[in-house]
Amino acid sequence: MAIALRYAARSDLGLGPKSRNEDSGYAGPNLLVLADGMGGHAAGDVASSMIVGELAPLDEEDVTADQAIPLLEEALHSANAKLTKAMRENSELAGMGSTTIVMLRTGNKLAMAHIGDSRAFMLRGDTFSQITKDHSFVQQLIDEGRISKEDAGHHPQRSVVTRVMTGQPDDEPDTSLREAKIGDRFLLCSDGLSDFVGADVIEEILREARTPAEAADRCIEIALKASTRDNVTVIVAEVVDADGDDLPTTVPQVVGAAGKRMRGRTRAIPTSPAEKAAALSREATGRAEPDDDALELAEDRTRSRRSKILLRTIGILVVTALLGGGGYAAWAWSQKQFYVAADAGHVAIFRGVSQDLGPIRLSHVESPSDVLVSDLPTDVQASVGNTIPARDLADAQVKVSALRGEALRCQHLASTGTPCGTSPAPTPLPTTPPTTGPTSPTSPAPTSPTPRASTSTPTASAALGPDRHAGAVA
């Protein structure tokens, strides 16, 4: 029996400090792609958009099951090479990267490639399971039996990944091929959902939603209610009978960073794979021409408008609180907050919040340090420039100490003529084989953990805090 996919893609900025969405998503009749960009100022949104642009032409491919995985691997290698080329041509993009999950339909099967810590889930009958295995430091600790799955959700280094798309030749994905059955539901999500919403709640949403669109909307809604501080992107797809009366749409949906770059440009859809790839690549790198075609957008603009209204309302309430009778209380609360940022070229601890209200400054330097920002790796410099949140003063001091260690390491490498960050410190390999996830048997074993979009050690990554995007991340 022939199958088809009914799909929906949604993305939201989230409630954190980010000013732009660095996630990208693509959903089409034969292809699902989710990319969670990283790099802070180093343009994670560009990385995720470029990856989606490179993979989008696969939606038009007619491939056999034997061809599907090699085709995915080839496309991901090509995308990685383009990341390298873009960073060489534009120094402002140095350090960017992205997680990637891609599913390609081939007949009644789905080929999947995955790299990073974004996740894919499958609901089949009474069984709900995670079908990807995180390439992360805490997953390695779980495999070694050093921590439990419950501990992983609160581990201070849960933001550290061991494999991700960064333009390096060893960025190899895990691949798998599975049979698709009518009624199966799949969810691809960035960690803006999975870090803030439990798997049991996600399962309940997938079971109860009448359509993929309803499930995707509900996932975003629950993530926002859970106060997700990250960009959150979801793609929900349901396997249906291709010979049925209620055939699904075949219009691709593009959301997140890739969607934003296409917004307002919804003329004719490019007809060839080459045109489709060129359109997305030009948009991702900011080189689009006025008469270029673009993919038709189908993301939920109503939700985007609601998010903007919500953020504006919150802003008005904050200003009112500061200017009204609650002004002193709000100010007192802000002065109990701490973060790490740059001050006159040095790393410093700030008391307050990093945002200002017009001429009113809500933070000041609490404790300067002797750590020069210029001594840190490039991606960590971006983290400091983007501010690193801390739970309290003691936590901020721990982060500065870790950054001092990174600066000393870079100084030592510089004295030997080695570029900083090119030789990450090794960590013990797992003592027991991985037992979870459907990854390919030939997939590479976890390598030494490196921070999200960074080549610094896990200790330095921990200094960037539990928010995976607080330190040179997506």
Side-chain angles (χ1 to χ4, degrees), residues 1-11 23-35 52 55-65 68 71-72 101-113 120-125 128 131 177-189 193 202-203 205-221 233-256 258-259 262 266 268-273 276 280 294-304:
M1 182 179 293
I3 66 169
L5 296 178
R6 178 175 287 115
Y7 48 82
R10 302 288 186 266
S11 189
D23 292 355
S24 288
Y26 176 99
N30 300 305
L31 182 74
L32 310 173
V33 185
L34 187 142
V52 166
L55 294 175
L58 297 182
D59 201 10
E60 303 294 333
E61 296 285 348
D62 183 14
V63 298
T64 66
L71 187 63
L72 286 180
I101 301 178
V102 52
M103 283 186 170
L104 177 64
R105 188 180 71 83
T106 167
N108 286 9
K109 292 182 172 62
L110 290 174
M112 183 172 72
F121 298 88
M122 181 180 72
L123 176 65
R124 172 176 289 174
F128 176 76
I131 58 175
L177 184 67
R178 68 185 65 249
E179 196 82 26
K181 297 183 178 181
I182 292 177
D184 288 350
R185 279 191 174 179
F186 294 91
L187 167 69
L188 280 57
C189 67
L193 177 69
I202 294 174
E203 177 183 0
I205 292 172
L206 286 185
R207 285 190 184 280
E208 295 184 354
R210 292 169 297 177
T211 64
E214 182 178 311
D217 288 338
R218 184 63 175 158
C219 284
I220 297 293
E221 179 183 350
T233 299
V234 299
I235 296 174
V236 180
E238 182 177 24
V239 181
V240 299
D241 185 355
D243 298 323
D245 296 330
D246 185 18
L247 294 179
T249 179
T250 59
V251 177
Q253 299 185 18
V254 187
V255 298
M262 293 297 182
T266 56
I269 301 175
T271 55
S272 73
K276 207 177 266 188
L280 273 172
L295 289 171
E296 183 174 353
L297 297 182
E299 66 179 309
D300 187 7
R301 295 171 188 251
T302 300
R303 183 157 303 281
S304 297

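Taking every heavy atom of both residues into account, T106 and A68 meet most closely at CG2-CB, 3.9 Å. C219 and L193 make their closest contact through O-CD1, 3.6 Å (heavy atoms, listed as atom of the first residue, atom of the second, distance). Minimum interatomic distance between L72 and A113 (heavy atoms only, all atoms of both residues): CD1-N, 4.0 Å. The nearest pair of heavy atoms linking L206 to A215 is CD2-CB, 4.2 Å. The two residues L5 and P29 have their closest heavy-atom pair at CD1-O, 3.8 Å. G28 and D59 make their closest contact through CA-OD2, 3.4 Å (heavy atoms, listed as atom of the first residue, atom of the second, distance).
Of the inter-residue distances, the one linking L104 atom CG with L31 atom CG reads 6.0 Å to the nearest 0.5 angstrom. Distance check, rounded to the nearest 0.5 Å: OG of S11 to CD1 of I220 gives 6.0 Å. Going from atom NZ of K109 over to atom CD1 of I3 covers 9.5 Å, rounded to the nearest 0.5 Å. Separation of atoms CG (L123) and CD (E238) is listed at 9.5 Å; rounding is to 0.5 Å.
No donor-acceptor pair closer than 3.5 Å links the side chain of S24 to the backbone N or O of A35. Here the side chain of N30 pairs no donor or acceptor atom with the backbone of R105 at under 3.5 angstrom. Distance alone, capped at 3.5 Å, is enough to place a donor-acceptor pair between the Q253 side chain and the A9 backbone. No donor-acceptor distance shorter than 3.5 angstrom exists from the side chain of Y7 to the backbone of Y26, with no hydrogens or angles considered. No side-chain donor-acceptor contact under 3.5 Å links D184 to the backbone of V239.
Side-chain contact between V255 and R10 is absent, with no heavy-atom pair separated by less than 4.5 Å. Side-chain atoms of I131 and F186, non-hydrogen and from C-beta on, do get closer than 4.5 Å to each other. Two residues are said to be in side-chain contact when any heavy atoms from C-beta on lie closer than 4.5 Å; M122 and R185 fail this criterion. Contact annotation: the side chain of L34 never approaches that of D23 to less than 4.5 Å [non-hydrogen atoms, C-beta and beyond].
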Could you list the donor-acceptor pairs under 3.5 angstrom formed by side chains in residues 241-248, with sequence neighbours left out?
{"from": "D241", "atom 1": "OD1", "to": "D243", "atom 2": "N", "distance (Å)": "2.9"}
{"from": "D246", "atom 1": "OD2", "to": "R6", "atom 2": "NH2", "distance (Å)": "3.2"}

* Give the intermediate values and the outcome of side-chain contact (heavy atoms from CB on, under 4.5 Å) for residues L71 and E61. => CA-CA 10 Å; L71 187 63; E61 296 285 348; 4.2 Å; yes

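For F128 and F121, the ring centers are positioned less than 6.0 Å apart.
Using a 4.0 Å cut-off between a side-chain N of Lys or Arg and a carboxylate O of Asp or Glu, E214 and R218 do not qualify as a salt bridge.
Between V236 and the choices T211, I205, L187, the side chain to side chain contact (heavy atoms under 4.5 Å, CB included) rule is met once, by L187.
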